[in-house]
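These numbers come from the heavy atoms of this one structure, side chains and all, not from hydrogens, waters or symmetry mates.
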Amino acid sequence: MKQYLAFDFGGTYVKYAVIDEEANISLEDKTPTPDHLQDLLDFIQQTVQQVKQKTNIHGLAVSCPGTITADGEVQGTSAIPYLQDIALKKVLHEATGMPVAVENDANCAALAELWKGGAVGLQDVLVIVIGTGIGGAIISNGALYRGAHLYGGEFGYAILFADPKSKRIDYWSQMGSTSAIVRKVAEQKGMSAKSLSGENIFAMAKNGDEICQQAIEEFYFVLATGIYNLQHIYDPELILIGGGISARQDFMSSLSTSIQDVQQSMGIGNPHGKVTTCTFLQQANLIGATYHFLQSKS
């Protein structure tokens with residue numbers, strides 16, 4: 001059975017794993033996201049060489065933030081700024097000499113669920129991926145929907161606050177992502193955001209830190225507000241949530257409580273769509289990237 005080296009480029013970490021044609025995972029690891037493109041390419045080259053010493057791989061499957069064209073170019077805003085407006089597929093092929101397929105990270109999460117996860121057999125599903133920002137993907141009529149300009153599912157840019165006097169606008173990624181929790185706690189504690197992580201904040205909250213507890217409570221409420229909007233806009237059969245934070249044992253119970261709070265605050269009829277975590281949690285992007293590679297080569 002053929003194996004592939006999958007990469008998930010995130011704003012905080014680059015994850016990688018060897019994945020076969022049945023979505024079985026091995027040699028999984030991660031590293032902090034490099035600050036420069038050349039550093040990223042050096043890491044990719046080194047990883048490819050190391051993995052090749054252990055197993056035979058037949059290509060690179062890449063999940064990447066940003067709008068990804070059919071040719072593997074990164075367009076629009078990306079959580080990794082130095083990847084914006086580059087022909088990533090071509091660059092990676094030239095750096096490694098291997099076949100490469102590149103897809104948007106949230107689309108990869110959706111493809112993983114379509115292939116082997118919670119969306120198998122369903123027609124209308126929304127996927128939300130929470131990380132440095134908020135990504136999204138739409139499964140419509142049982143297939144990935146990209147939109148007329150490749151912006152289908154860019155839920156993170158949905159505006160959740162707008163002040164007409166100051167012209168201040170806050171969008172979902174700013175307010176409801178993991179990085180939003182970090183920024184909020186860092187500001188209130190007078191710390192550098194780089195010295196904190198989501199894991200740190202949840203650990204401090206568990207130990208009684210009231211600032212961290214409040215930031216987490218606000219995070220869940222803002223996340224629930226965006227989900228409420230999506231339920232009314234699309235009314236899907238299922239909303240699946242991925243990203244590292246979704247792997248927390250208390251994630252769904254906390255989110256469900258906040259969804260109920262939002263619905264009660266509205267005081268109107270609400271759709272009763274199901275909301276749950278992605279089957280593959282933080283591995284969804286890696287698995288979906290592999291599925292995209294297989295589809296692109298078929």
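- Looking only at distances, no side-chain donor or acceptor of Glu237 sits under 3.5 Å from a matching main-chain atom of Val125.
- Tracing side-chain contacts under 4.5 Å through hydrophobic residues (I, L, V, M, F, W, Y), one never reaches Ile134 starting from Leu238; they form parts of separate clusters.
- Contact record, Leu114 with Gly142: CD2-O, 3.8 Å, taken as the closest heavy-atom pair.
- Taking 4.5 Å as the limit, every side-chain heavy atom of Lys89 sits out of range of all side-chain heavy atoms of Asp71.
- Distance OH/Tyr291 to CD/Glu113: 12.5 Å, rounded to 0.5 Å.
- Without hydrogens or angle criteria, Asn141 side chain to Gln123 main chain gives no donor-acceptor distance under 3.5 Å.
- Within the 3.5 Å criterion, the main-chain N or O of Gly226 finds no donor-acceptor partner in the side chain of Asn229.
- Nearest heavy atoms, Thr290 versus Ala6: OG1-CB, 3.7 Å.
- Annotation: Lys189, atom NZ; neighbour count of heavy atoms from other residues, nucleotides and ligands within 6.0 Å is above 12.
- The CG atom of Leu88 sits 8.0 Å away from atom CG of Leu40, with the distance rounded to the nearest 0.5 Å.
- Heavy atoms from other residues, nucleotides or ligands lying under 6.0 Å from OH of Tyr145 number 12 at most.
- Between the Glu103 side chain and the Ala289 main chain, no donor and acceptor come within less than 3.5 Å of each other.
- Going from atom CE of Met191 over to atom CG of Asn200 covers 8.0 Å, rounded to the nearest 0.5 Å.
- Both Leu126 and Met252 are assigned to one and the same hydrophobic cluster, defined by single-linkage of ILVMFWY side chains at heavy-atom distances under 4.5 Å.
- In this structure the side chain of Phe155 never reaches within 4.5 angstrom of the side chain of Ile227, judged on heavy atoms.
- Between Trp115 and Glu21 the shortest heavy-atom distance is CZ2-O, 3.1 Å.
- Side-chain contact between Tyr4 and Leu294 is present, with heavy atoms from C-beta onward closer than 4.5 Å.
- Under 3.5 Å, the side chains of Glu28 and Gln283 contain a donor-acceptor pair of N or O atoms.
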| Asp29 and Tyr16: side chain to side chain contact (heavy atoms under 4.5 Å, CB included), yes or no, with the steps? | CA-CA 6 Å; Asp29 206 347; Tyr16 66 92; 3.5 Å; yes

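- Leu122 places none of its side-chain heavy atoms less than 4.5 Å from the side chain of Ile139.
- Under the 4.5 Å side-chain criterion, counting only non-hydrogen atoms from C-beta, Thr276 is in contact with Leu240.
- To the nearest 0.5 Å, atom CD1 of residue Ile287 and atom CG of residue Asn24 are 9.0 Å apart.
- Both tests pass for Lys297 against the ring of Phe293: distance under 6.0 Å to the centre and angle within 45° of the axis.
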| request: Test side chain to side chain contact (heavy atoms under 4.5 Å, CB included) on Ile68 and Asn107 and set out the steps. | output: CA-CA 10 Å; Ile68 311 298; Asn107 284 350; over 6 Å; no

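- For the pair Ile25/Phe280, no side-chain contact is recorded, criterion being any heavy-atom separation below 4.5 Å from C-beta on.
- Through ILVMFWY side-chain contacts below 4.5 Å, Met1 is grouped with nothing and stands alone.
- Contact check for Ser256 versus Val275: no side-chain heavy atoms found under the 4.5 Å cut-off.
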| field | Pair Val74-Thr67, side chain to side chain contact (heavy atoms under 4.5 Å, CB included): steps then yes or no | value | CA-CA 6 Å; Val74 183; Thr67 302; over 6 Å; no

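- Evaluation of the side-chain hydrogen bond (donor to acceptor under 3.5 Å, both in side chains) test over residues 52-64, restricted to residues two or more places apart or in two chains, returns Gln3-Thr55, Asp8-Ser63.
- Of the N and O atoms on the side chains of Glu217 and Gln213, not one donor lies less than 3.5 Å from an acceptor on the other residue.
- Both Val18 and Phe43 belong to a single network of hydrophobic side chains, linked directly or stepwise wherever heavy atoms of I, L, V, M, F, W or Y lie under 4.5 Å apart.
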| query | Would Lys116 and Glu22 satisfy salt bridge (Lys or Arg N to Asp or Glu O under 4.0 Å), going step by step from the backbone distance to the final call? | reply | CA-CA 9 Å; Lys116 297 286 186 179; Glu22 292 299 325; 2.9 Å; yes

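- In summary, Lys206 and Asp250 do not engage in a salt bridge, as defined by a charged side-chain N under 4.0 Å from a carboxylate O.
- The two residues Leu286 and Ala17 come nearest to each other via the heavy atoms CD1-CB, 4.0 Å.
- Remark: the backbone N or O of Gly118 is paired with a side-chain donor or acceptor of Thr279 at under 3.5 angstrom.
- Rounded to the nearest 0.5 angstrom, Phe251 CZ and Ile241 CD1 are separated by 4.5 Å.
- Taken from OG in Ser179 to CG in Leu196, the straight-line distance is 12.5 Å, to the nearest 0.5 Å.
- Minimum heavy-atom separation, Ala186 to Ser192: CB-C, 4.2 Å.
- Here the side chain of Arg183 pairs a donor or acceptor atom with the backbone of Gln174 at under 3.5 angstrom.
- There is no path of hydrophobic side-chain contacts, each under 4.5 Å, that joins Leu60 to Ile19.
- The aromatic rings of Tyr220 and Phe202 stand perpendicular to each other, their planes meeting at an angle above 60°, with 30° marking the opposite boundary.
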| query | Would Leu5 and Met98 satisfy side chain to side chain contact (heavy atoms under 4.5 Å, CB included), going step by step from the backbone distance to the final call? | reply | CA-CA 10 Å; Leu5 180 56; Met98 301 203 69; over 6 Å; no

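- Between Asp42 and Gln38, the side chains place a donor N or O and an acceptor N or O closer than 3.5 Å (distance only, hydrogens not considered).
- Of the candidates Thr178, Thr12, Thr33, Thr12 is the only one forming a side-chain hydrogen bond (donor to acceptor under 3.5 Å, both in side chains) with Thr132.
- Side chains of Gln214 and Glu210 form no contact here, defined as non-hydrogen atoms less than 4.5 Å apart.
- By the 4.0 Å N-to-carboxylate-O rule, Asp163 lies too far from Lys165 to be salt-bridged with it.
- Cluster membership for Leu37 and Phe7, using ILVMFWY side-chain heavy atoms within less than 4.5 angstrom, is shared.
- Residues Ser177 and Ile130 share a closest heavy-atom pair of CA-CG2, 4.2 Å.
- Ser258 and Asp261 share no side-chain donor-acceptor pair at under 3.5 Å.
- Judged purely by atom type and a 3.5 angstrom limit, Gln45 uses its side chain to pair as donor or acceptor with the backbone of Ala95.
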